[in-house]
Amino acid sequence: MRIDLHTHSSVSDGTDSPTELINAAAAAGMDVVALADHDTVSGWDEAGEAATAAGIELVPAIEVSTTWRGADLHMLAYWPDSADSPLEEMLAAIRAGRLSRIPQMLAALAAHGIRITEEQVRRAAGGAVSLGRPHVADALVAAGVVGSRDEAFATWVGEGMPGHVPKPAPTLPDAIAVVRAAGGLPVIAHPWGRGGRRVLDDEALAELAEAGLVGLEVDHMDHDEAARAELRAIADRLDLVATGGSDYHGSGKHDVHLAADTTSPQAYAALLERRARMGL
Ligand code: AMP
Ligand code: ZN
Ligand code: FE
Ligand code: FE
């Protein structure tokens, strides 16, 4: 069984359509794929149809943007009820914050002599419903300012760069509560990637486990072997499921292919068992 529980499509900042993503996963011999677009469920229906046609299993998921104790943290939510009103409202608010931040980013870039219009960003984003820095990066590439998304992040829109504007988001404990109430399984994405390690120590993770967290994404490109071993030990101790995923973004992140990191069949079975225990 090959199981990848973290991928993105063009509905957010990936470059494959949901159908292309599922077909690529089937062609690569994968059995289970979670579509976890940022702050939206818009890709689920198309991905579900493609998965049925291709004979693989789709796990409907979301990568929810959150903030906590001064860090931007991402939380994967597996199998939440997409019709749950508080969940819908939370996601709509995050997407609205993503939208209103684009002109702020463009103003910050303009102050540095880089002139990009909202129309250029919209064109670069194609049909995406969840807009983000990668789309501003793509507009910078299209305008010839930089040669790639990576270069755009390194120079203009990455952490601490002139065009980076933080986006408003719910706190991690609030997002856990909303996702649990919607019948979803919250798993922290790349907990020790970027700013996460400072905030998510043993004590904080124990607190979140108490608040309804179900798992930690241990196997992720942001973690080296030592971090994975430490996180796995913490997951064991707190009775959290240790998952894994590629964080595939199509050609948007050149060094990551589907199933570059995976979830073990045992961990997947543990997630299914948690779901059953929740009566879902
Ligand atoms: P945002 O959610 O709009 O703040 O943008 C964050 C997104 O940018 C995440 O999905 C990351 O995967 C993506 N990202 C971060 N760094 C890079 C990079 N160097 N190249 C491409 N994408 C990146
Ligand atoms: Zn992304
Ligand atoms: Fe993420
Ligand atoms: Fe991701």
Side-chain angles (χ1 to χ4, degrees), residues 4-16 18 21 34-40 42-43 61-68 71-78 91 93-106 108-109 121 124-126 128-141 146-161 163-170 172 175 186-197 200 216-223 243-258 260-261:
D4 187 341
L5 292 186
H6 190 161
T7 71
H8 297 275
S9 77
S10 53
V11 159
S12 65
D13 58 5
T15 56
D16 292 358
L21 170 72
L35 178 65
D37 276 310
H38 298 282
D39 309 309
T40 178
S42 291
I62 309 161
E63 187 172 13
V64 182
S65 303
T66 80
T67 170
W68 196 43
D72 283 337
L73 301 167
H74 292 175
M75 189 190 78
L76 296 159
Y78 296 113
L91 297 176
I94 301 172
R95 290 196 305 271
R98 286 176 163 280
L99 261 186
S100 57
R101 152 211 212 210
I102 300 286
Q104 297 170 15
M105 290 183 68
L106 298 183
L109 289 170
V121 176
V129 301
S130 192
L131 290 193
R133 283 184 282 158
H135 302 115
V136 176
D138 289 349
L140 289 167
V141 174
V146 290
S148 67
R149 255 192 200 184
D150 271 348
E151 193 188 337
F153 270 85
T155 320
W156 294 110
V157 298
E159 232 57 41
M161 292 301 135
H164 179 213
V165 174
K167 61 179 187 292
L172 180 53
V187 172
I188 301 180
H190 45 75
W192 286 357
R194 294 149 226 168
R197 190 161 193 154
L200 298 173
L216 298 177
E217 188 184 45
V218 170
D219 289 305
H220 183 279
M221 59 177 299
D222 284 359
H223 301 145
T243 69
S246 64
D247 212 349
Y248 174 76
H249 279 71
S251 57
K253 268 186 178 174
H254 297 289
D255 49 344
V256 193
H257 54 89
L258 277 165
D261 277 294

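Treat the numbers as computed from the prediction; the structure is a model and nothing was measured. One-based numbering, in listed order, for ligands and for the atoms of each.
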**OP:** Mind telling me whether His6 and His190 have parallel, tilted or perpendicular rings, with 30° and 60° as the class edges?
**Re:** parallel
Original post:
With a 4.5 Å limit on heavy-atom distance, are the side chains of Met161 and Thr155 in contact?
Top reply: no
Subject >> Heteroatom test (N, O or S) for His38 near the Zn ion (ligand 2), limit 2.8 Å >> reply: yes
**OP:** Side-chain contact test, heavy atoms from C-beta onward, threshold under 4.5 Å: evaluate it for Leu76 versus Leu5 and give yes or no.
**Re:** no
Subject >> Residue Glu63 atom name (nearest to the Fe ion (ligand 3); N/O/S) >> reply: OE2
**OP:** Identify the heavy atoms of Gln104 and Ser100 that sit nearest to each other, and give their distance.
**Re:** NE2-O, 3.5 Å
Could you list each nitrogen or oxygen of ligand 1 that sits under 3.5 Å from a protein nitrogen or oxygen, with the atom names and the distance?
from	atom 1	to	atom 2	distance (Å)
ligand 1	2 (O)	Arg98	NH2	3.2
ligand 1	2 (O)	Lys167	NZ	3.0
ligand 1	3 (O)	Arg98	NH1	3.4
ligand 1	3 (O)	Arg101	NH1	2.8
ligand 1	3 (O)	Arg133	N	2.8
ligand 1	4 (O)	Arg101	NH2	2.9
ligand 1	4 (O)	Arg133	NE	2.8
ligand 1	4 (O)	Arg133	NH2	3.1
ligand 1	4 (O)	Lys167	NZ	3.4
ligand 1	10 (O)	Asp13	OD2	3.0
ligand 1	10 (O)	His38	NE2	2.8
ligand 1	12 (O)	Lys253	NZ	3.1
ligand 1	19 (N)	Asp150	OD1	3.3
ligand 1	20 (N)	Asp150	OD1	3.0

Original post:
Any side-chain heavy atom of Thr40 sitting closer than 4.5 Å to one from Leu91?
Top reply: no
Original post:
Counting backbone and side chain alike, does Asp247 bring an N/O/S atom below 2.8 Å of the Fe ion (ligand 3)?
Top reply: no
Subject >> At the Zn ion (ligand 2): angle between Asp13 atom OD1 and His249 atom NE2, to 10 degrees >> reply: 90°
Original post:
Do you see an N/O/S atom of His74, backbone or side chain, under 2.8 Å from the Fe ion (ligand 3)?
Top reply: yes
Original post:
Considering all heavy atoms of both residues, which atom of Ala71 and which atom of Gly195 are nearest to each other, and what is their separation?
Top reply: CB-O, 4.1 Å
Original post:
Between the side chains of His220 and Asp247, is a donor N or O closer than 3.5 angstrom to an acceptor N or O?
Top reply: yes
Original post:
Knowing that exactly one of Thr7, Asp4, Asp16 qualifies, which makes a side chain to side chain donor-acceptor pair (under 3.5 Å) with Tyr248?
Top reply: Asp16
Original post:
Would Thr15 and Ser10 count as having a side-chain donor-acceptor pair, cut-off 3.5 Å?
Top reply: no
Original post:
Do any of the N, O or S atoms of His6 sit under 2.8 Å from the Fe ion (ligand 3)?
Top reply: no
